[in-house]
Amino acid sequence: MKTTKELKIWSLRMVLFTILLSGLSVQKVYSFCNSTEIIINGKWYSNQEKVNTRSLPSIPITAYTDGQNIYIENTSPDCDIQITITGNQTGEVMYEQLMPQAQTSYIIISIASFPSGEYTLELTSEDGKYLVGAFKR
């Protein structure tokens, strides 16, 4: 029979194993504990939502920042996403990248080298979807 200490160690290992299997990394869990949501507005409708006009469309994308990184989660990756970050004071484009659809579920963008200030995050797609949000660094 196993001792209480062995059972505790076994239980802890099973919990960690379950977390790893569920797709949650320790970094991802930690990053959202100390993050601020970036409020984004715009139109990001799926093809199904365009057809069904009786329900309010939901935006499948959320964005957060911890001051060092921006974390973008997309629960319905269905297209390539153009990501642009612009400094509000200067209008300078600080970051611009086209992310292929296969890489849009979870995106991390480092903003550690950005000077302190206010920025605009813009997400667009070739089929007319767009989201815009503001954040401070």
Side-chain angles (χ1 to χ4, degrees):
M1 184 167 210
K2 294 185 177 188
T3 65
T4 304
K5 184 177 180 181
E6 289 172 328
L7 286 173
K8 287 181 181 179
I9 291 171
W10 184 81
S11 296
L12 180 60
R13 287 180 181 163
M14 292 307 296
V15 167
L16 291 174
F17 182 70
T18 303
I19 289 172
L20 289 174
L21 284 180
S22 70
L24 295 175
S25 68
V26 173
Q27 179 184 3
K28 185 174 177 182
V29 171
Y30 177 75
S31 68
F32 286 106
C33 293
N34 299 318
S35 298
T36 303
E37 183 174 7
I38 299 171
I39 305 300
I40 51 178
N41 295 300
K43 296 181 181 181
W44 202 275
Y45 305 131
S46 70
N47 291 335
Q48 179 65 28
E49 288 172 325
K50 285 181 181 177
V51 172
N52 186 359
T53 57
R54 298 189 117 213
S55 64
L56 291 174
S58 62
I59 298 174
I61 297 177
T62 53
Y64 298 85
T65 184
D66 62 5
Q68 299 297 308
N69 295 296
I70 291 178
Y71 306 92
I72 300 171
E73 277 192 299
N74 182 1
T75 58
S76 299
D78 62 351
C79 62
D80 297 347
I81 299 176
Q82 177 73 34
I83 303 170
T84 307
I85 300 174
T86 308
N88 289 355
Q89 286 81 14
T90 64
E92 178 184 359
V93 174
M94 302 296 291
Y95 178 90
E96 190 167 36
Q97 179 78 38
L98 178 64
M99 300 298 288
Q101 176 182 347
Q103 298 176 8
T104 61
S105 293
Y106 187 69
I107 302 165
I108 300 174
I109 301 168
S110 175
I111 58 170
S113 64
F114 290 14
S116 294
E118 295 183 4
Y119 294 89
T120 298
L121 171 67
E122 183 178 9
L123 308 173
T124 58
S125 72
E126 288 185 357
D127 60 351
K129 299 174 188 174
Y130 68 91
L131 296 172
V132 177
F135 66 95
K136 292 182 181 179
R137 157 88 172 83

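One hydrophobic cluster, built from ILVMFWY side chains closer than 4.5 Å, holds both Phe114 and Leu121.
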Assess whether side-chain contact (heavy atoms from CB on, under 4.5 Å) is satisfied between Thr124 and Ile81, documenting all intermediate values.
CA-CA 6 Å; Thr124 58; Ile81 299 176; over 6 Å; no
For the pair Asn69 and Tyr64, evaluate side-chain hydrogen bond (donor to acceptor under 3.5 Å, both in side chains) and give the outcome as yes or no after the intermediate values.
CA-CA 8 Å; Asn69 295 296; Tyr64 298 85; over 6 Å; no
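Among residues two or more places apart in sequence or in another chain, the side-chain contact (heavy atoms from CB on, under 4.5 Å) test is passed with Ser125 by Trp44, Cys79, Asp127, Lys129. Taking the side-chain contact (heavy atoms from CB on, under 4.5 Å) definition, one finds that Ala102 meets it with nothing, sequence neighbours left out. Under the side chain to side chain donor-acceptor pair (under 3.5 Å) criterion, Thr104 pairs with no residue at all, not counting sequence neighbours. Considering only residues two or more places apart in sequence or on other chains, Ser113 meets the side-chain contact (heavy atoms from CB on, under 4.5 Å) condition with none of them. By the side-chain contact (heavy atoms from CB on, under 4.5 Å) test, Asp80 pairs with Leu98, Pro100, Gln101, sequence neighbours left out.
Considering only heavy atoms from C-beta on, Thr4 stays 4.5 Å or farther from Glu6 through its side chain. Taking 4.5 Å as the limit, some side-chain heavy atom of Asn74 sits within range of a side-chain heavy atom of Pro60. Within the 4.5 Å cutoff, the side chain of Ile72 has heavy atoms near those of the Ile83 side chain. Contact of the Asn41 side chain with the Ile59 side chain is not registered, since no non-hydrogen atoms from C-beta on lie closer than 4.5 Å. Annotation: side chain of Pro115 is in contact with side chain of Met94 (closest heavy-atom distance under 4.5 Å). Using a 4.5 Å cut-off on side-chain heavy atoms (C-beta onward), Ile70 and Phe135 make contact.
How far CD1 of Ile108 is from CD of Gln68: 13.0 Å, rounded to the nearest 0.5 Å. Of the inter-residue distances, the one linking Ile40 atom CD1 with Tyr130 atom OH reads 12.5 Å to the nearest 0.5 angstrom. To the nearest 0.5 Å, the span separating CD1 on Ile38 from CD1 on Ile61 amounts to 12.5 Å. Between the CD1 atom in Ile107 and the CD atom in Glu73 there is a gap of 10.5 Å [rounded to 0.5 Å]. Distance check, rounded to the nearest 0.5 Å: CD of Glu122 to CG of Leu131 gives 9.5 Å.
Ring planes of Tyr106 and Tyr71: parallel class, angle under 30° (limits at 30 and 60°).
Each side-chain hydrogen bond (donor to acceptor under 3.5 Å, both in side chains) pair with one or both residues in residues 85-97, not counting sequence neighbours, appears once here: Asn88-Thr120.
Checking side-chain atoms of Arg137 against main-chain N and O of Ile111 turns up a donor-acceptor pair under 3.5 Å.
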